[in-house]
Amino acid sequence: MKIEILPRYRMACIRQVGPYGSANEQTMRKLKEWAAAKNLLSPASIVLGVSYDDPETTPPESCRYDAGLVLADNEPTDGFVAESELPGGKYAIYQVKHTAEAIQQAWGAIFADLSNRGYQIDRRPVFERYREQMLSNHDCEICVPLK
């Protein structure tokens, strides 16, 4: 785990409402297909999977997930994607293997780990961050906002 001060992220996104899981993967696939068709994917691209709701306290049918591609401030979007923004600030960053099992295990351990270290979680969304150099090593990052 490391601590980073992240910038504000402006993103093109596709929202999925419902239980977290395979539908999120389909939403991410749609976003990547859109981005590829627009020639927006490059080795420097940052792709985000944003989970807005805690599945332990939110009914599964109401959980919100955005698959997002970070855009430059001047990059246009179109009607296929929505435009959204994630606020910057202090985040705990966990690097994990990009497998369903490893990510699920990490989600189960992160919050207890942060609590044991004395950190307080902020109300900003938690998200998974994917960058080309990490994906080539089969890794991703889970980013948890801190107060």
Side-chain angles (χ1 to χ4, degrees), residues 1-111 113-114 121-147:
M1 189 268 293
K2 62 184 175 182
I3 303 294
E4 285 185 27
I5 303 299
L6 298 181
R8 170 191 65 85
Y9 285 136
R10 175 180 171 254
M11 63 180 184
C13 62
I14 299 174
R15 174 151 297 173
Q16 195 306 100
V17 179
Y20 293 148
S22 62
N24 294 7
E25 294 172 30
Q26 293 170 1
T27 304
M28 185 64 75
R29 192 172 310 113
K30 287 179 192 175
L31 175 79
K32 288 179 179 178
E33 289 169 359
W34 170 84
K38 300 284 185 183
N39 293 316
L40 294 174
L41 293 177
S42 75
S45 295
I46 298 173
V47 176
L48 306 174
V50 186
S51 301
Y52 290 96
D53 302 293
D54 180 348
E56 292 186 16
T57 59
T58 302
E61 65 275 6
S62 298
C63 288
R64 297 165 297 153
Y65 173 84
D66 283 349
L69 174 68
V70 174
L71 299 174
D73 284 336
N74 61 349
E75 190 72 47
T77 60
D78 61 24
F80 186 76
V81 295
E83 186 175 322
S84 186
E85 186 174 292
L86 281 176
K90 185 177 180 180
Y91 284 81
I93 311 294
Y94 288 82
Q95 186 169 330
V96 299
K97 284 293 172 196
H98 187 229
T99 65
E101 182 180 310
I103 290 172
Q104 184 176 7
Q105 186 177 32
W107 279 112
I110 285 173
F111 298 102
D113 181 58
L114 288 171
I121 298 167
D122 192 37
R123 293 185 153 265
R124 291 169 286 150
V126 175
F127 58 91
E128 294 170 9
R129 182 169 62 174
Y130 303 91
R131 296 183 281 185
E132 184 65 35
Q133 67 270 26
M134 294 189 76
L135 287 174
S136 63
N137 292 326
H138 306 288
D139 292 331
C140 73
E141 295 171 312
I142 296 177
C143 305
V144 181
L146 300 176
K147 290 183 179 181

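Going from atom CD of Glu25 over to atom CD of Gln16 covers 11.0 Å, rounded to the nearest 0.5 Å. The line from OH of Tyr94 to CG of Leu114 is 3.5 Å long, rounded to the nearest 0.5 Å. The structure places CG of Asp139 at 4.5 Å from CD of Gln95, a figure rounded to the nearest 0.5 Å. The distance from the CG atom of Leu146 to the CD1 atom of Ile121 is 7.5 Å, given to the nearest 0.5 Å.
Counting non-hydrogen atoms of neighbouring residues, nucleotides and ligands closer than 6.0 angstrom, the CD atom of Glu101 reaches no more than 12 such neighbours.
Using a 4.5 Å heavy-atom threshold, the side chains of Val70 and Arg131 count as separate. Side-chain contact between Leu6 and Phe127 is present, with heavy atoms from C-beta onward closer than 4.5 Å. The shortest distance between side-chain heavy atoms of Pro145 and Val126 falls below 4.5 Å. Residues Val47 and Leu69 meet the side-chain proximity criterion, which asks for heavy atoms closer than 4.5 Å. Side-chain contact between Glu33 and Phe80 is absent, with no heavy atoms from C-beta onward closer than 4.5 Å.
Evaluation of the salt bridge (charged side-chain N to carboxylate O under 4.0 Å, His left out) rule for Arg129 yields Glu4, Glu141 as partners, not counting sequence neighbours.
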>> What verdict does the salt bridge (Lys or Arg N to Asp or Glu O under 4.0 Å) test give for Asp66 and Arg15, after you've listed the backbone C-alpha separation in whole Å, the side-chain angles of each residue and the deciding distance to 0.1 Å?
In response: CA-CA 4 Å; Asp66 283 349; Arg15 174 151 297 173; 2.7 Å; yes
>> Set out, in order, the CA-CA distance, both residues' side-chain angles and the distance that settles side chain to side chain contact (heavy atoms under 4.5 Å, CB included) for Met1 and Val144, then state yes or no.
In response: CA-CA 10 Å; Met1 189 268 293; Val144 181; over 6 Å; no
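Closest non-hydrogen pair, Leu48 versus Met28, comes out as O-CE, 3.5 Å. Smallest separation of non-hydrogen atoms from Pro125 and Tyr52: CG-CE2, 3.6 Å. Nearest heavy-atom pair, Asp54 versus Glu56, reported as atom, atom and distance to 0.1 Å: OD1-N, 2.8 Å. Minimum heavy-atom separation, Ala102 to Lys97: CB-O, 3.5 Å. The shortest non-hydrogen separation linking Ile14 to Thr27 is O-CG2, 3.3 Å. Minimum heavy-atom separation, Pro19 to Asn24: O-OD1, 4.1 Å.
When atom types are taken as modelled, the side chain of Arg124 and the backbone of Lys147 share no donor-acceptor pair closer than 3.5 angstrom. The backbone N or O of Leu40 lies less than 3.5 Å from a partner atom in the side chain of Ser45, making a donor-acceptor pair.
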Identify all side-chain donor-acceptor contacts of residues 84-91 below 3.5 Å with residues at least two apart in sequence or on another chain.
from  : atom 1 : to    : atom 2 : distance (Å)
Glu85 : OE1    : Arg8  : NH1    : 3.1
Tyr91 : OH     : Pro87 : O      : 3.2

Donor-acceptor pairs are to be reported for all side-chain atoms of residues 103-110 against protein atoms at under 3.5 Å, with residues two or more places apart or in another chain.
from   : atom 1 : to     : atom 2 : distance (Å)
Trp107 : NE1    : Glu128 : OE2    : 2.9

